[in-house]
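What follows is a set of notes on a single structure, which appears directly below.
The basis for the numbers below is simple: all heavy atoms, side chains too, and nothing from hydrogens, waters or symmetry mates. Lettering of chains follows the sequences in order, A, B, ..., and the numbering in each one begins at 1.
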Amino acid sequence: MSENKRPKSVHWADINADKIIREKGEKELYTCASGVTPSGTVHIGNFREIISVELVARALREKGRQVRFIFSWDEYDVFRKVPKNMPDQQLLETYLRKPITIVPDTTGTYENYARANEKVLEDLLPVVGVEPEYIYQAERYRSSAYAQGIRTALEHRQEIRAMLNEHRTHPLPEGWWPVSVFSTFTDKDTTTVLDWDGAWGVTYRCEETGNVETLDLRDTSAVKLPWRVDWPMRWALEGVDFEPAGKDHHSEGGSFDTSKHVVRVFGGEPPVTFQYDFIRIKGRGGKISSSSGEVISLKDVLEIYSPEIIRYLFVSTRPNTEFAISFDLDVLKIYEDYDKCERVYYGMQEISEKKREKERRIYELSQVHGAADEMPYQVALRHLCNMLQSNSGDIDAVISSLPDVSESQIPKLRNRCECAWNWITAFAPEDFRFSLNRPEDVTIVLDDSQKAAFTALAREIEKIDEHTEKSMAEAVYAVAHDHGIEPADLFTTAYQILVGKEKGPRLAGFIMLCGKDKILPILQAVL
RNA sequence: GGGCCGUUAGCUCAGCUGGUAGAGCAGCAGACUCUUAAUCUGCGGGUCGAAGGUUCGAUCCCUUCACGGCUCACCA
């Protein structure tokens, strides 16, 4: 797409990219940053931050700029609370106050607790087109990469203290130090800093053992900066040009607000930023926070939505707007909206010129690796759900029954089938679900007139190749009429025979969909 | 107490850098005596929360107010 010929994009990712260039000036390399504390399952709310940075980074690259997208695992934080969804709660309890990288992975899969939470996400991010450069804070601290940064903080402790006190109810005391120490005796942060020698030496007391020790910043990993100092220190060190943050950080007196002052101490300047709102979950419990136990992760969402559609959800919503990820009937509509956007992109659907560019840009940004030359195969999720259920979830059978599918369209189509099936089995309303009876399972007994009617209907179904959905529907009515049966009764009986329920998919289409090979043996069982 | 964000058709919301408001659902009418929120077609004057201000002109900018939500002031 030749960028210049098109009207200026008004998409938020492009607007922010422009803003970065405007405020930071022309640079060889722009650094965009994101970060998450892996103190529990990384949930879909955390993902909003990550995808926001990805989209802005992509927009910058499309403007011909070099971009470094760094993702910080803030894994050197204290283990403060045991999330309810983790196994072996009692064992985990014993690790409270220690860095989350020393906490064991109670699922027994990875080196430690933090790593377990990280790995699950790292494996999934490429699927949705996010491939940042990971920075592991435990490793950074362990290698004393921040020794100079910590020393600088100590040298400017009074300035920093004043900046933080701006918004505090209870001011930090005169003797406050801008560091916290993990005891080398207990690994816990239950320590008190006693002194700093003006250079690299920090002396502390371990409150649990009473031991007093002096550490050298250049060869210890035990001394850490508190969040409100750590964050701006790293902005300066990495030269961060852009980093969004949640609304909790963005309030006045919040950590972004204080960090934009503290960063000056380290000789840096604050990044361009925006505030993003939280996301809610609909049709599945509601809460998203890790403490409630029920956590919705990217993995959970990927089971219901394709990668493109997950991106689409975030791309098409402005970051400062709260929105819900739905697991209820909205799923059908979301897929339809996406498909419409896709048709607009490929010029298959009329739309006002005004909206066209906007939709096109949303579609582009929603793609994991750029838009394909050929439009993906479209089949409405509702229809797919019926086809899958008629085939007992056999995805291959459904795909091969669809007309004109090209080889290259199959992977996405298969993914959509998997999502549809997951949705049907896990979240679809009861009315929506059915499974075809096996002939031997049909229990209903027909009276003579019903038998005559269904015998006639079976004859029509024999000739299924001559029917269209419409003519089949007419045939169904004709049969009802000829045998003096109310259509509504005929329908009910038909569903009882076919799916063992009073209701089902629209009958004529359903018969056409299943085909005579599936339908006739079932009918025969009651005739 | 500070900050941020909302307040647009019955409902859910779109409306990008100002030019007298649009989608979906619901509703109404019609279509094939229909069913998985059934499908198709047609139908959208709502004081754009209130009051001022800037402007030739404001839903969109500024000020004040009301209501609602979130957030910070402890830690990350």
Let me know the distance between CH2 of A:Trp227 and P of B:A73, rounded to the nearest Å.
-> 13 Å
Choose from B:C4, B:C72, B:G24 the nucleotide whose nearest atom is closest to any side-chain atom of A:Lys333.
-> B:G24
Which nucleotide in B:U33, B:U71, B:C34 has an atom nearest any side-chain atom of A:Arg506 = B:C34
What does A:Pro429 touch in the nucleic acid at a heavy-atom separation under 4.0 angstrom: a base, only the sugar-phosphate, or nothing?
-> nothing
Between B:A73, B:U71, B:C34, which one does the side chain of A:Arg168 approach most closely?
-> B:A73
Name the closest nucleotide to the A:Ser251 side chain, picking from B:A14, B:G2, B:C16.
-> B:G2
Do A:Trp12 and A:Tyr276 have ring centroids that are under 6.0 Å from one another?
-> no
Under 4.0 Å between any heavy atoms, over every strand shown, what does A:Gln275 touch: base, sugar-phosphate, or nothing? Just pick one.
-> sugar-phosphate
In whole Å, what separates the P atom of B:A9 from that of B:G49?
-> 8 Å
Will you find, in the side chains of A:Tyr363 and A:Glu342, an N or O donor that is under 3.5 Å from an N or O acceptor?
-> yes
Where the side chain of A:His170 is defined as all heavy atoms beyond and including C-beta, which of B:U33, B:A76, B:C74 is the nearest nucleotide?
-> B:C74
Check every atom of B:A37, B:U33, B:C75 against the side chain of A:Arg80 and return the nucleotide holding the closest atom.
-> B:C75
Choosing from B:G24, B:C70, B:G2, which nucleotide comes nearest the side chain of A:Phe278?
-> B:C70
State whether A:Arg228 places a side-chain N or O below 4.0 Å from either non-bridging phosphate oxygen (OP1 or OP2) of B:A73.
-> yes
note: A:Ile279, atom CD1; B:C70, atom P; distance rounded to Å ~ 17 Å
Determine, step by step, whether A:Glu139 and A:Arg142 satisfy the salt bridge (Lys or Arg N to Asp or Glu O under 4.0 Å) criterion, reporting the C-alpha distance in whole Å, the side-chain angles of both residues, the deciding distance to 0.1 Å, and the verdict.
-> CA-CA 5 Å; A:Glu139 186 276 320; A:Arg142 229 172 262 136; over 6 Å; no
P atom, B:G3 versus B:U63: distance in rounded Å?
-> 12 Å
Please tell me which of the listed nucleotides, B:A37, B:C70, B:C4, lies nearest to the side chain of A:Lys247?
-> B:C70
Picking from B:A37, B:A14, B:A76, which would you name as closest to the side chain of A:Ser255?
-> B:A76
Can the ring centres of A:Tyr76 and A:Phe182 be said to be less than 6.0 Å apart?
-> yes
Name the residue closer to the 5' end of RNA chain B, choosing between A:Ser180 and A:Tyr477 according to the nucleotide with the nearest heavy atom.
-> A:Tyr477
In whole Å, what is the span from the CG atom of A:Asp277 to the C1' atom of B:G69?
-> 10 Å
Is there a Watson-Crick or G-U wobble partner for B:A58 with both distances under 3.5 Å, and if so, which one is it?
-> none
Any idea which of B:C34, B:A76, B:G15 is nearest the A:Ala473 side chain?
-> B:C34
Nearest-Å distance for atom pair CG/C1', residues A:Leu507 and B:C34 = 9 Å
Ring centers of A:Phe79, A:Tyr95 separated by less than 6.0 Å = no
Indicate whether OP1 or OP2 belonging to B:G15 is found under 4.0 Å from a side-chain N or O atom of A:Arg318.
-> yes
RNA chain B: A:Asn320 or A:Glu502, which has the more 5' nearest nucleotide?
-> A:Asn320
Taking only the side-chain nitrogens and oxygens of A:Thr169, find out if one of them lies under 4.0 Å from OP1 or OP2 of B:C74.
-> yes
Run the ring-centre check on A:Tyr495 versus A:Phe434 and record whether the distance is less than 6.0 Å.
-> no
Determine the interatomic distance between P on B:G2 and the same-named atom on B:C65; round to the nearest Å.
-> 10 Å
Gap between atoms CZ and C1', on A:Phe256 and B:C4 respectively (whole Å) = 14 Å
Could you state the CH2-P distance from A:Trp73 to B:A76, rounded to the nearest angstrom?
-> 19 Å
